[in-house]
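Every chain is numbered from 1 and lettered A, B, ... according to where its sequence line falls, protein lines coming before strand lines.
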Amino acid sequence: MHPSPLLNGLNDEQRHAVLLPDTHALILAGAGSGKTRVLTTRMAWLLQSQRCSPGGILAVTFTNKAAREMLTRLQAMLPLNVRGMWVGTFHGLCNRMLRAHWKLVALPQAFQILDTQDQLSALKRVYKANGIDEERLPIKPTQWFIAGCKEDGLRPNDVDARDPDTRKRVEIYALYEAQCQREGVVDFGELMLRSYELLRDNTALREHYQHRFSHVLVDEFQDTNRLQYAWLKLLCGPQTSLFAVGDDDQSIYAFRGARVGNMADFVREFEVQHTIKLEQNYRSHSNILDSANALIGHNKNRLGKNLRTDAGAGEPVRVVALSTDLAEAQWLVEEIRHLKREGREATGGTGVDRLDEVAVLYRSNAQSRVLETALFNAGMPYRVYGGMRFFERAEIKHALAYLRLLDNPNDDTSFLRVVNFPPRGIGARSIEQLQDAARAQGASLSQAVAQVSGAAGAKLNGFIALLDVIREAGQGQPLRQWVELVLQHSGLIEHYRKDREGEDRIDNLNELVTAAESFVTQEGFGKQAPGSEESAWVNPDTGETESPLSAFLTHAALESGDNQAQAGQEAVQLMTVHSAKGLEFDAVFITGMEEALFPHENALNDLDGLEEERRLMYVAITRARKRLYLSHTEQRMLHGQTRFHIRSRFIDELPEQAIKWIHQTHPAGAGHGWSAGGRAGGSMAWSSQSAAPWSGSAGAPAAVAQPKAQAESRHAWLKQGSQVFHTKFGEGTVLAVEGINDDARAQINFSRHGVKWLALSVAKLTPIA
DNA sequence: TCCAGCCACTTTTTT
DNA sequence: AGTGGCTGGA
């Protein structure tokens with residue numbers, strides 16, 4: 001075998017993985033071990049050595065970003081037409097399959113996709129239509145239940161319901177399914193499940209795909225759920241080899257159905273002969289890596305893997321204790337400044353020279369607010385990941401609902417969303433009338449409009465007429481024109497113009513026009529279908545034409561879009577630990593390192609939950625290349641209440657020699673911890689230098705409000721972790737304390753009586769030494 | 001029908 | 001604290 005430039009720079013483990021023969025393989029790829037590189041090089045190698053044509057490869061990931069990245073890298077290695085390749089997310093590929101076989105799976109050609117919000121409102125309608133009491137059977141858990149069933153591949157008939165609540169939920173599940181089918185919509189789970197069933201029940205088709213795909217490659221295999229694994233099993237025939245890449249230590253999605261056990265099952269069921277560990281880390285200095293290794297060593301359930309690096313020890317991992325969340329934020333700003341300064345002064349120094357090489361991580365989104373305020377007041381640019389995405393914004397969902405109705409008039413979710421938005425005098429009573437009529441006939445709301453008489457009927461007819469006008473005007477027009485027509489005729493723009501806060505929304509709506517335009521360009525809709533003014537997309541799998549509008553709607557549902565495209569700006573990156581997975585930075589700050597926050601309180605009670613939290617921490621640590629900081633506070637505001645926490649056990653699981661404790665110049669806990677600037681000589685001068693833009697009026701910026709005098713609480717002696725005695729309940733351990741003085745209450749785990757919340761002004765508690 | 005004010009809720013996230 | 005849903009008055 002002559003050497004190929006593709007293999008240049010790969011280490012032995014990596015090269016071994018890339019050059020494996022056409023058999024099943026499991027690659028255990030540690031953090032920063034070049035996982036994506038192996039995956040893409042493997043694909044390039046298969047193609048280059050002519051063992052496989054582009055059409056014979058199916059590569060699947062979890063996020064669109066990962067899929068894009070894979071294609072980009074692949075194209076950089078080989079000149080390649082990507083069109084016929086099946087590279088995408090699980091949901092994207094399932095969608096592709098269902099579109100190709102829409103008749104077989106009994107869906108309308110223009111079936112639409114419900115996102116989580118849509119699913120909830122669809123479920124609400126099921127509740128209403130069937131007189132189900134939301135109080136008795138809360139709706140969110142029902143939504144989770146249905147999603148969970150689908151993740152396990154279960155239809156209502158397959159669920160083993162043992163208690164009355166579950167039986168009721170199964171009933172609702174069946175009703176919900178019927179409703180979706182009637183309306184021609186599918187939720188995310190349904191995309192997967194129906195695609196699975198298509199392969200399962202249709203032998204000819206299954207064999208076709210099995211024959212077609214000689215190589216299936218899976219990224220982040222540890223995150224697959226039952227159904228996804230089952231789907232992969234159907235896709236792989238006797239001639240197919242499955243190349244799975246994953247890391248059990250980075251499995252952090254059990255809460256949404258991911259099953260690490262799939263890795264072991266894969267090895268057993270596919271009789272995997274080749275398991276390769278990638279343990280060479282190219283990312284972090286060894287203090288950071290040692291910390292990660294030591295931490296994850298505390299987990300019992302592991303396949304076992306230890307990362308090593310050739311990089312030097314580097315800087316120690318710094319641990320800081322602060323008094324309050326506010327102090328933490330202020331310290332963070334100061335430390336980032338310091339890093340930046342260091343980076344600029346010394347080339348090759350240990351600082352950072354770009355702010356976007358700094359990431360601030362937290363366990364839950366609620367923690368970002370204080371940090372944002374501090375960064376904002378300091379005039380330091382930052383970017384927050386997560387939260388509202390473009391296609392999830394209310395105004396965008398409204399505009400999309402109009403477009404969806406134009407494409408599929410039976411989409412009742414969209415109908416209800418915009419039938420009276422902007423307000424056009426169609427109230428709850430009219431809608432109820434309409435829903436009754438629709439129910440009586442088993443018809444969709446659009447279809448039932450004709451049945452409603454009187455004033456309500458007239459107004460409803462007006463709405464239908466509005467849609468007809470747009471449809472008429474859009475005939476033969478390009479996609480961009482359809483969006484503009486909707487914006488013009490729906491009255492959305494006008495509506496928001498009246499709203500003083502509506503300016504951003506109007507901007508976003510205009511942005512939607514741009515998005516439509518660039519979608520057409522990027523997806524290659526430019527080619528005109530023969531004999532038609534309207535551009536159309538020819539499905540490469542079936543040769544059928546699909547309207548740009550439906551394709552765009554699918555795109556909007558499957559790719560919720562980046563949240564804030566402040567691209568180009570050099571900014572500190574703020575995100576949850578979950579969304580940091582797969583990314584890396586020179587400097588990483590992990591904030592809120594406190595019990596009940598990280599590990600999260602909901603996970604404290606069971607071992608599996610705790611191990612998942614630890615893996616989450618492992619992910620967080622391994623994001624850092626050169627610098628890692630952990631910070632924790634004594635008190636912080638959470639849901640509007642002050643809470644006291646002790647430092648996270650995870651800090652104590654790190655190796656002493658790899659970390660360095662940073663001490664504040666001012667004693668913490670006196671209620672002024674926020675004024676400490678970080679290292680010695682730090683001052684608070686900067687906080688007044690960079691006043692917030694709105695602080696033209698006298699007074700300190702909002703963020704620098706004085707912390708409440710928590711230290712003076714009568715119950716200050718009572719801290720998380722203290723042992724207490726109660727005259728009635730006996731001995732217990734304090735899990736959490738909230739509020740101060742008369743409002744103070746504590747959550748206590750009594751060894752005899754379990755966990756209870758007690759008001760401290762009432763309960764008689766004494767400390768146990 | 002519409003809007004304002006009140007109440008309950010709050011993990012992590014992608015599709 | 002902030003958001004979203006719901007109720008009651010205009």
Side-chain angles (χ1 to χ4, degrees), chain A residues 60-67 88-95 113-121 124 134-135 138-140 144 147 150-151 186-193 195 219-220 223-225 227-228 251-258 325 361-370 372-373 385-389 391-392 394 420-431 455-456 459 499 554-561 563 575-582 592 596-604 609 612-613 615-617 619-620 636-642 702 705:
Chain A
V60 61
T61 62
F62 279 87
T63 65
N64 291 301
K65 200 172 149 204
T89 63
F90 277 101
H91 294 88
L93 296 181
C94 286
N95 172 66
I113 300 167
L114 300 184
D115 67 14
T116 317
Q117 289 174 37
D118 299 330
Q119 190 189 23
L120 191 69
S121 54
K124 270 187 190 152
E134 235 185 281
E135 297 275 288
I139 201 156
K140 276 266 180 64
W144 299 336
K150 292 192 180 185
E151 278 157 6
V186 297
D187 60 34
F188 288 132
E190 187 72 23
L191 282 175
M192 257 334 296
L193 183 49
S195 168
D219 190 19
E220 306 277 18
D223 286 337
T224 52
N225 60 36
L227 180 59
Q228 285 158 342
S251 153
I252 55 173
Y253 285 113
F255 71 92
R256 67 173 200 216
D325 48 351
L361 309 185
Y362 34 82
R363 173 67 233 273
S364 61
N365 276 313
Q367 288 166 248
S368 76
R369 179 147 269 112
V370 194
E372 281 183 65
T373 319
Y385 281 71
M388 263 300 161
R389 287 174 170 70
F391 287 115
E392 286 168 7
N420 196 36
F421 194 94
R424 46 176 74 89
I426 302 174
R429 266 219 340 242
S430 312
I431 289 170
K459 283 182 172 161
D499 189 348
T554 300
H555 166 80
L558 288 180
E559 283 198 52
S560 37
N563 26 20
M575 67 191 84
T576 63
V577 180
H578 279 94
S579 37
K581 185 166 168 201
L597 253 176
F598 199 4
H600 196 274
E601 53 194 333
N602 296 0
L604 290 177
E612 176 144 323
E613 295 288 309
R615 290 192 294 269
L616 198 50
M617 181 65 189
V619 168
R636 87 170 50 237
M637 284 289 261
L638 209 60
H639 309 311
Q641 278 200 306
T642 303

Item to check | Sequence-distant partners of A:Arg424, side-chain contact (heavy atoms from CB on, under 4.5 Å), two or more places apart | outcome: A:Tyr402, A:Asn420, A:Pro422, A:Ile426, A:Phe463, A:Leu466
Checklist entry - What residues form a side chain to side chain donor-acceptor pair (under 3.5 Å) with A:Thr224, not counting sequence neighbours? => result A:Asn262
Checklist outcome for this item: Whether each nucleotide of nucleotides 1-6 of chain B has a protein heavy atom under 4.0 Å at its base (B), only at its sugar-phosphate (S) or at neither (-) is summarised, 5' to 3', as SS----
Next on the checklist: For chain A and DNA chain C, what are the first and last nucleotides along the strand, 5' to 3', with at least one atom under 4.0 angstrom from a heavy atom of the protein chain?
Outcome noted: C:dA1 to C:dG2
Checklist entry - How would you list, by chain and number, every residue that makes a salt bridge (Lys or Arg N to Asp or Glu O under 4.0 Å) with A:Lys581, sequence neighbours excluded? => result A:Glu220, A:Asp223
Item to check | Test salt bridge (Lys or Arg N to Asp or Glu O under 4.0 Å) applied to A:Glu613 - qualifying residues, sequence neighbours left out | outcome: A:Arg363
Item to check | Contacts of type salt bridge (Lys or Arg N to Asp or Glu O under 4.0 Å), residue A:Glu601, not counting sequence neighbours | outcome: A:Arg643
Item to check | Partner residues of A:Asp118 under the side chain to side chain donor-acceptor pair (under 3.5 Å) criterion, sequence neighbours left out | outcome: A:Lys397
Checklist entry - Do any N or O atoms from the side chain of A:Glu559 and from the backbone of A:Ala556 form a donor-acceptor pair under 3.5 angstrom? => result no
Checklist outcome for this item: Residue set satisfying side chain to side chain donor-acceptor pair (under 3.5 Å) with A:Asp325, at least two apart, ordered chain then number -> none
Next on the checklist: Generate the contact string for nucleotides 9-15 of chain B. Rules: B means base contact, S means sugar-phosphate contact only, - means no protein heavy atom under 4.0 Å.
Outcome noted: -BBBBBB
Next on the checklist: Going by the rule side-chain contact (heavy atoms from CB on, under 4.5 Å), which residues pair with A:Ala67 if we only count those two or more places apart in sequence or in a different chain?
Outcome noted: A:Thr61
Checklist entry - Sequence neighbours excluded, which residues qualify as side chain to side chain donor-acceptor pair (under 3.5 Å) partners of A:Ser251? => result none
